Number of protein chains: 2
Amino acid sequence: MDKNLKRMATMHRMQVTGLELFYEQGYYNTSVDDILKSLELSKGAFYYHFQSKEDFFISIIQNLIVQKVYGTLIEPIEGKENPLTVIEKCLDNSLQTAENNEMDYGFVVHNFLTEFNGRNETISRYLRDILKIWEVNLITLLQKGKTDGYVIRHVNSEAAASFIISSYMGIRTLMVEGNPRILRYNYISQLRSYLNTMVQRELA
Amino acid sequence: MDKNLKRMATMHRMQVTGLELFYEQGYYNTSVDDILKSLELSKGAFYYHFQSKEDFFISIIQNLIVQKVYGTLIEPIEGKENPLTVIEKCLDNSLQTAENNEMDYGFVVHNFLTEFNGRNETISRYLRDILKIWEVNLITLLQKGKTDGYVIRHVNSEAAASFIISSYMGIRTLMVEGNPRILRYNYISQLRSYLNTMVQRELA
DNA sequence: AATTGCACCGACCACTTAGTCGGTAAAAAT
DNA sequence: ATTTTTACCGACTAAGTGGTCGGTGCAATT
């Protein structure tokens, strides 16, 4: 038990630093040695805890990235009332965090997906699964929004969900080297106008 | 002259193969040797024509990527009449090409931008400049659309342009491993509904 | 006929890569 | 008190990595 704690602590430390560097520099452009140097740990420690660089990265996805996405994109909208206002607020919050983060390199899931898409099936599946969960959540929310009278019935929830996801992934990339304040403000204004096309007006 | 032709031909062959491999596998995950093996050329040939791997990549951007973006995203909309229908048609065409391409890995500029953002200032500036040209073109088109009576006056053209670009970059990534037919159809349906919010209705 | 320079060859260099393995100090189990 | 296990060390390996450099055949120039 106590043993497991020490083990977990070290593994966690490695994963945190690993994610930091992979996110900053990319997976292929970051060596195991880079991470180890930054941690002041040895090769032996690394391969004692993880089978391979790939195995290490997968554990990062499962232990850190999934949680991050849940915390910022899924839980804030899950089961909420008015889907359209909740989605807008959630994305705005997320963009605000990115805006205030000096070391923002874009949407983690998306960056890695771009790096692994078509090159590492195992890893890109994990990443796509995360997006899938988000997507399913958005769809569910929009569907519920229909029965609750917030969203127009004929809206295609699947299409809306992937449109929202697409636009979010794109704007995050643009914000990395653009003016994040203006980009965020403009993005939200357009998102709102898009979401407005789905609003079920009250019956007078 | 004839000399220059041979020189140019080899350089072009290298650039084409280089872009192919960089696009498929990523820049950092593709070695100069990989490209040379695929071309059946030697190290000597490579460093005779190019100063470095980076220099080589920059020449690819300037000679191939810029043209590709111009051909598919800029020329088809430049100076056209109704901005909103033209933008929709242009993006749909581009997505159709991607859909029919068995070896599609997403939007070239966007993939490389993700790979270099914050890691190689020189290269990411080139890539951002390409996006900038596209953006300026979209803005100009929308502005002209206002004076021509197609677009509502109070529309924020800058915001609209970067929203369109964002959504396009995102959907291209999703299409890589998703069902491209459905994704494209759904995307265009949502894009249309977004663009519709900007339509200047005729005065009766 | 002799010379020059272009386009290319491929062995080589210093360095980095992911991954292995024999060792070890300290803690836990016996 | 002795053995075993845990968590980690760091030298090492084999296979790359980007890049250099002396050489070479051939076409154009002289």
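These numbers were taken from a predicted model, which means no experiment stands behind them.
- Distances shorter than 4.0 Å separate none of the side-chain N or O atoms of A:Ser52 from OP1 or OP2 on C:dA18.
- Phosphate contact (OP1/OP2 of D:dC8, side-chain N/O of A:Thr10, threshold under 4.0 Å): present.
- Regarding contacts with the backbone of D:dT17, a side-chain N or O of B:Ser31 is found under 4.0 angstrom from either OP1 or OP2.
- Contacts of A:Lys43 with the nucleic acid, taken as non-hydrogen atoms under 4.0 Å apart, include base atoms.
- For the OP1/OP2 pair of D:dA7 and a distance below 4.0 Å, the side-chain nitrogens and oxygens of A:Arg7 include at least one atom meeting the criterion.
- No more than 12 heavy atoms of other residues, nucleotides or ligands lie within 6.0 Å of NZ in A:Lys89, so this atom counts as exposed by the packing criterion.
- At the phosphate of D:dG19, OP1 or OP2 sits under 4.0 Å from a side-chain N or O atom of B:Tyr47.
- For A:Gly44 and A:Tyr28, each mapped to the nucleotide of DNA chain C holding its nearest heavy atom, the one lying further toward the 5' end belongs to A:Tyr28.
- Rounding to whole angstrom units, CD1 of residue A:Ile35 and C1' of C:dT16 are separated by 15 Å.
- In this structure, the CG atom of A:Asn29 is 15 Å from the C1' atom of D:dG16, given to the nearest Å.
- The aromatic ring centres of B:Phe112 and B:Phe57 sit less than 6.0 Å apart.
- Seen from the ring of B:Tyr27, B:Lys53 counts as a face-on cation partner, given the 6.0 Å and 45° thresholds.
- Side-chain N/O atoms of A:His49 include none lying less than 4.0 angstrom from OP1 or OP2 on D:dT6.
- Atom CG of B:Asp55 and atom C1' of D:dG19 are 13 Å apart (whole Å).
- Atom-to-atom, NZ of A:Lys37 to P of C:dC15 comes out at 14 Å; the value is rounded to the nearest Å.
- Ring orientation note: the planes of A:Phe46 and A:Phe56 are nearly perpendicular, at an angle over 60° on the 30°/60° scale.
- Put simply, CG on B:Leu39 is 14 Å from P on C:dG10, counting in whole angstrom units.
- If you measure from atom CE of B:Met11 to atom C1' of C:dC8, you get 14 Å, rounded to the nearest angstrom.
- Between A:Tyr48 and D:dA7, a side-chain N or O to OP1/OP2 separation shorter than 4.0 Å is present.
- Residues A:Arg128 and A:Glu121 are paired through a salt bridge, judged by an N-O separation under 4.0 Å between the basic side chain and the carboxylate.
- Here C:dT20 presents its P atom at 15 Å from NZ of A:Lys53, a figure rounded to the nearest Å.
- Rounded to an integer number of Å, the gap from A:Lys6 NZ to C:dA28 C1' is 14 Å.
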